[in-house]
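Quick note on labels: first sequence line is chain A, next is B, and so on, each numbered from 1.
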Protein chains: 2
Amino acid sequence: MPTLKTTPKRGRPQTLDRDAVLKIALTSYWTGGPTRVAISHICKEADVSKPSLYREFGSDDGLKAAVLDLYSELVLGPFHNILTSNEGFAQQIEALIAFTVQDRKSLGIPSGCLQVAMRAHREDLGKVTGNKVDMLRSQTLRNYEAWIERAKSRGEFKAEIPTQAAALFCDAQNGGAMRMQREGIPNEIIKQTLTHAFSTFA
Amino acid sequence: MPTLKTTPKRGRPQTLDRDAVLKIALTSYWTGGPTRVAISHICKEADVSKPSLYREFGSDDGLKAAVLDLYSELVLGPFHNILTSNEGFAQQIEALIAFTVQDRKSLGIPSGCLQVAMRAHREDLGKVTGNKVDMLRSQTLRNYEAWIERAKSRGEFKAEIPTQAAALFCDAQNGGAMRMQREGIPNEIIKQTLTHAFSTFA
DNA sequence: ATAATTTCGTAACTATCGGTACAATATGAA
DNA sequence: TTCATATTGTACCGATAGTTACGAAATTAT
């Protein structure tokens, strides 16, 4: 939803661009790690004063939570779309792998996954962000489960493994791939591990 | 190697028990996370003053490195022993899974894996510990690779996947299992994911 | 113009944590 | 007994990071 023009308010006009700050914060957290980037650093990058940022997001916790929402919309959404597409199971798997191992550098996208990183640092996050991470994780597992159940009901799922365990398996593969990517392991090798992992399903 | 009795030295006798401190630090880092436990906390737990601890280990970095060495000896060693045992491949896999999903609570062992945790917080560690984490990771992968090559040469390895990718796959499964364990997922479910993952090999 | 209102940013405050100065203490040697 | 030596622990230092008090600045309403 675009920032709809409200009638001009009283007081000094706001110069802080919420979306711009969020985008910069997203990139910073994604690249440098959500617990390693200081508020002051984001302020410098976005050319915004600290009180301005606090006025907009309330706290470090609030900013991280807002960033996580944005990440969910930008990355997790498209990922979920693959799971619910009309393609066959095997093609969906192929699409998932392609999405995961796409060349980030050429696209200007940081390597790794912010959700995975936030889960790894779950205990260092604030209350709001921490809860959001938990919710997102549950949702991710539910998405996998629905995807697998659908494939099972279609007879496209070949493995004999309970849906819950299969969903956890998928999540582990994705997490592993994201970690390998951050460690600099070539996408081609990562693709081999993912292909092997999912070859057990279809 | 036991602390062999040296001839009584001059000066005030040392009351600090290095091994006791290391053990307490290991448990603290393992349970609470290597970057979340403060030096002062370990001092309180071990009933040791900060300067004493610094005299013994040099720095936060030095203590963490020493703890990682102990962990390697206590946990990673036995794990590696399974990979080099004289059992068949399938039995080794079974042993690995059993080792991973053994009931920690009843054994008084913290859940999760300190090596996995340290890798997740690699960037927050000091120089010495960080390098040690890297070395340990390389060694882990080499161990898996040797294990897989051996199984391949015996004809016990059924999957068509390059050894390097297979080793990374193994490491990812183990890491995933350790993370699930920390998140409180029942060992029975974790076992299902591991069994499925390794069923592709033998 | 003047007042009311809202946002702006400098400059501090506070807590935490890794690290250390230093004086007291406890031993062996002379 | 006295000196040399080595360890102990209290209390402090310095850096970092999240957070905020407060006065200046910019705009609308009267």
Peer 1: For DNA chain C, what residues of residues 29-39 of chain A have any heavy atom nearer than 4.0 Å?
Peer 2: none
Peer 1: If a protein heavy atom is under 4.0 Å from the base, mark B; if only from the sugar-phosphate, S; if neither, -; do that for nucleotides 2-10 of chain C going 5' to 3'.
Peer 2: --BBBBBBB
Peer 1: Mind calculating the distance between CZ (B:Phe57) and P (C:dG19) to the nearest angstrom?
Peer 2: 14 Å
Peer 1: Quick test of your reading of the model: are B:Arg179 and A:Asp171 salt-bridged, counting only N-O distances below 4.0 Å?
Peer 2: no
Peer 1: Any carboxylate oxygen within less than 4.0 angstrom of a Lys/Arg side-chain nitrogen, looking at B:Arg122 and A:Glu183?
Peer 2: no
Peer 1: Just the rounded figure in Å: distance from C1' of C:dC17 to NZ of B:Lys64.
Peer 2: 10 Å
Peer 1: If I compare all heavy atoms of B:Val67 with all of B:Ala25, which pair ends up nearest, and what's the gap?
Peer 2: CG2-CB, 3.6 Å
Peer 1: Strictly distance-based, threshold 3.5 Å: is any side-chain N or O of A:Ser138 a donor or acceptor partner for the main-chain N or O of A:Asp134?
Peer 2: yes
Peer 1: Quick one: A:Leu53 CG to D:dT20 P, roughly how many Å, whole number?
Peer 2: 12 Å
Peer 1: With a 3.5 Å cut-off and no angle check, do the side chains of A:Gln181 and A:Ser111 form a donor-acceptor pair?
Peer 2: no
Peer 1: Among A:Trp147, A:Phe157, A:Tyr144, which one satisfies ring pair (Phe, Tyr, Trp, His ring centres under 6.0 Å) with A:Phe201?
Peer 2: A:Phe157
Peer 1: Grab the CZ-P distance between B:Arg18 and D:dT7 for me, whole Å please.
Peer 2: 13 Å
Peer 1: For B:Ile42 and C:dC17, what is the distance between atoms CD1 and P respectively, to the nearest whole Å?
Peer 2: 12 Å
Peer 1: May I have all residue pairs that pass side-chain hydrogen bond (donor to acceptor under 3.5 Å, both in side chains) and include part of residues 24-33 of chain B, sequence neighbours excluded?
Peer 2: none
Peer 1: How close do B:Gln192 and A:Ala165 get, counting heavy atoms only, and between which atoms?
Peer 2: OE1-CB, 3.3 Å
Peer 1: Within this structure, what is the CG-to-C1' distance between A:Asp60 and D:dT20, rounded to whole angstrom?
Peer 2: 15 Å
